[in-house]
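Note: hydrogens, waters and symmetry copies are ignored here, and every other heavy atom, side chains too, is used. Order of the sequence lines fixes the chain letters, A, B, ..., with proteins taken first and strands second; residue numbering starts at 1 for each chain.
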Number of protein chains: 2
Amino acid sequence: MAEDVDLDVLNDTLSFYIRTINLAVSRDLDECLEGLDVAKGTGKITTLLLVDSHPGIRPSLIAQLTMKDRSAMGRIVEHLVSHGLIRRETSAEDSRAQELYITESGAELATKVRDLVTRQSKDFFSFIPEDEQAQLMDILGRAYRRIVGLA
Amino acid sequence: MAEDVDLDVLNDTLSFYIRTINLAVSRDLDECLEGLDVAKGTGKITTLLLVDSHPGIRPSLIAQLTMKDRSAMGRIVEHLVSHGLIRRETSAEDSRAQELYITESGAELATKVRDLVTRQSKDFFSFIPEDEQAQLMDILGRAYRRIVGLA
DNA sequence: GCAGATAGTGGATAAATGCAACTATAATAT
DNA sequence: ATATTATAGTTGCATTTATCCACTATCTGC
């Protein structure tokens, strides 16, 4: 049945593939992270990892990197704080801004998540040959940096 | 500020790029399609186009191609039907199943959407060189077909 | 100081997602 | 033939996200 369905113009539409594959990876990732205080959305994972590796990082910067607006970011921070994974302080230099720091249990979780996330991605895309994965990462990486204003 | 932030392990995680870029394309696409009875989610667009080019196609097949479950699919079909874009009939061979057909206004919209969607994708990714876009499409296309069970 | 930008908060609304129960019909096996 | 199991679709519900907007506080530059 499905084998010979023609996808119309979507067959040549990059956004279609990005969007559908996103659905699949995200679902799979959610499964892997089930019950881990950090599920659904790149928001929480990215925030946790960035706070862990960049002590004092500000919500607004993470928002930019994850493409969230400030209110969405605020809710993510609130979530992580309320679960005791990160700590929130007002910046000394700019009292509008906050600085985020990891807690002990946050650091523990970060270690675990780092492992799970990279493994999940590798596993999920394992049917793509190594060299093509590298190509993908290279191109998408540049796209990401460009979109987000990192380069 | 943002220029020199290291993304931790996410820097080498394909799923991260897929997920964030997905956010960006989807938002951009939504803007392009604003007010068009078909916004948010690959679901409606794909359904409209597939029904247009495959008269009599079944919801369950579209569900497979768009990675939705039946309930999500049902709601999309319901939405399109209620907006007069497609028509729903019970299949003669299998009265459990339905066959979907495009309506006049649905066909009109499909034409418009086909154009908008392909252009949006091209524009959005225009900063990626042609040949790299082709590579991306090739790899992601195979990934998609594999995930969805098309090959 | 004043005007305008920026950081973060909070609320309300609108959608999408996933889950599970339920009907109806088909296909299979005994 | 009939009992079992699988499939197509519908519906309700609870959860989660997203988006938009208004609001406070603070900073920057004139």
Side-chain angles (χ1 to χ4, degrees), chain A residues 1-2 19-20 22-31 33-35 37-47 56-83 86 88-100, chain B residues 1-2 19-20 22-31 33-35 37-47 56-83 86 88-100:
Chain A
M1 305 267 137
R19 283 153 63 87
T20 46
N22 168 66
L23 273 182
V25 216
S26 296
R27 262 197 283 261
D28 189 63
L29 183 58
D30 284 345
E31 274 181 41
L33 267 48
E34 188 164 304
D37 258 353
V38 68
K40 308 278 189 181
T42 328
K44 302 199 201 73
I45 299 172
T46 309
T47 304
I57 194 172
R58 300 189 179 172
S60 52
L61 177 54
I62 305 180
Q64 183 189 350
L65 296 173
T66 54
M67 312 208 191
K68 307 263 176 200
D69 70 349
R70 285 189 315 264
S71 60
M73 193 65 236
R75 285 179 240 269
I76 291 175
V77 169
E78 175 54 32
H79 177 83
L80 297 180
V81 168
S82 74
H83 283 66
I86 65 177
R88 184 167 34 185
E89 286 182 17
T90 305
S91 165
E93 305 107 48
D94 184 343
S95 48
R96 291 173 302 182
Q98 304 174 342
E99 294 171 354
L100 304 177
Chain B
M1 307 268 140
R19 282 153 64 87
T20 47
N22 168 67
L23 272 182
V25 217
S26 296
R27 264 198 281 260
D28 189 63
L29 183 58
D30 284 345
E31 274 182 41
L33 267 47
E34 186 163 305
D37 259 353
V38 67
K40 308 278 188 181
T42 329
K44 302 197 200 74
I45 298 173
T46 309
T47 305
I57 193 172
R58 301 190 178 170
S60 51
L61 178 52
I62 306 181
Q64 185 189 349
L65 296 172
T66 54
M67 311 207 192
K68 308 264 176 201
D69 68 352
R70 280 179 321 219
S71 63
M73 194 65 237
R75 285 179 240 270
I76 291 175
V77 169
E78 175 55 33
H79 177 84
L80 296 179
V81 168
S82 74
H83 282 67
I86 66 177
R88 183 167 33 183
E89 286 182 14
T90 304
S91 165
E93 304 106 50
D94 184 343
S95 46
R96 290 172 302 181
Q98 304 174 342
E99 294 171 356
L100 303 177

Are A:Ile45 and A:Leu33 side-chain neighbours, meaning at least one heavy-atom pair lies under 4.5 Å?
yes
Once you round it to whole Å, what is the distance between P of C:dA15 and CD of B:Glu34?
12 Å
Of A:Lys68 and A:Arg96, whose nearest nucleotide on DNA chain D comes first from the 5' end?
A:Lys68
Whole-Å distance between C:dC22 P and B:Arg70 CZ?
15 Å
Spacing between A:Ile76 atom CD1 and C:dT9 atom P, to the nearest angstrom
12 Å
Whole angstrom is fine here: how far is it from CZ in A:Arg58 over to C1' in C:dT9?
17 Å
Outer limits of DNA chain D sitting under 4.0 Å from a non-hydrogen atom of chain B, read 5' to 3', are D:dA6 to D:dT19
Contact class for B:Ala72 vs. all strands (heavy atom < 4.0 Å): base, sugar-phosphate, or nothing?
nothing
Assign each of B:Arg27 and B:Arg88 to its nearest nucleotide of DNA chain D by heavy atoms, then name whichever residue's nucleotide is nearer the 5' end.
B:Arg88
A:Asp30: what forms a side chain to side chain donor-acceptor pair (under 3.5 Å) with it, not counting sequence neighbours?
none
Does any part of the side chain of B:Leu29, heavy atoms only, come nearer than 4.5 Å to the side chain of B:Val25, both counted from C-beta?
no
For a quick check of understanding: with a heavy-atom distance under 4.0 Å over all strands, which category does B:Glu78 fall into, base, sugar-phosphate or nothing?
nothing
Here the distance between atom C1' of C:dA7 and atom CE of A:Met73, to the nearest Å, is 13 Å
Mind checking B:Ser91 for me? I need base, sugar-phosphate or nothing, with any heavy atom below 4.0 Å counting as a touch.
nothing
Main-chain N/O of B:Val38 paired to B:His79 side chain as donor or acceptor, under 3.5 Å:
no
Using side-chain heavy atoms (C-beta onward) and a distance below 4.5 Å, is A:Ile86 in contact with A:Leu80?
yes
Counting only side-chain N and O atoms of A:Ser95, is one of them less than 4.0 Å from OP1 or OP2 of C:dA7?
no
Which residue lies more 5' along DNA chain C, comparing A:Leu23 with A:Glu99 via nearest heavy atoms:
A:Glu99
Are the side chain of A:Arg27 and the backbone N or O of B:Met67 linked by a donor-acceptor pair below 3.5 Å?
yes
A:Ile57 CD1 to C:dA7 P, in whole Å, measures 13 Å
Length of the CG-C1' vector between A:Asp28 and C:dG18, whole Å:
16 Å
Would you mind reading off the distance between B:Leu29 atom CG and C:dA15 atom P, rounded to a whole angstrom?
16 Å
Any heavy-atom pair between the side chains of B:Leu100 and B:Arg88 that's under 4.5 Å?
yes
Measure distances between side-chain N and O atoms of A:Arg75 and base N and O atoms of C:dG11, and say whether any donor-acceptor pair falls under 3.5 Å.
yes
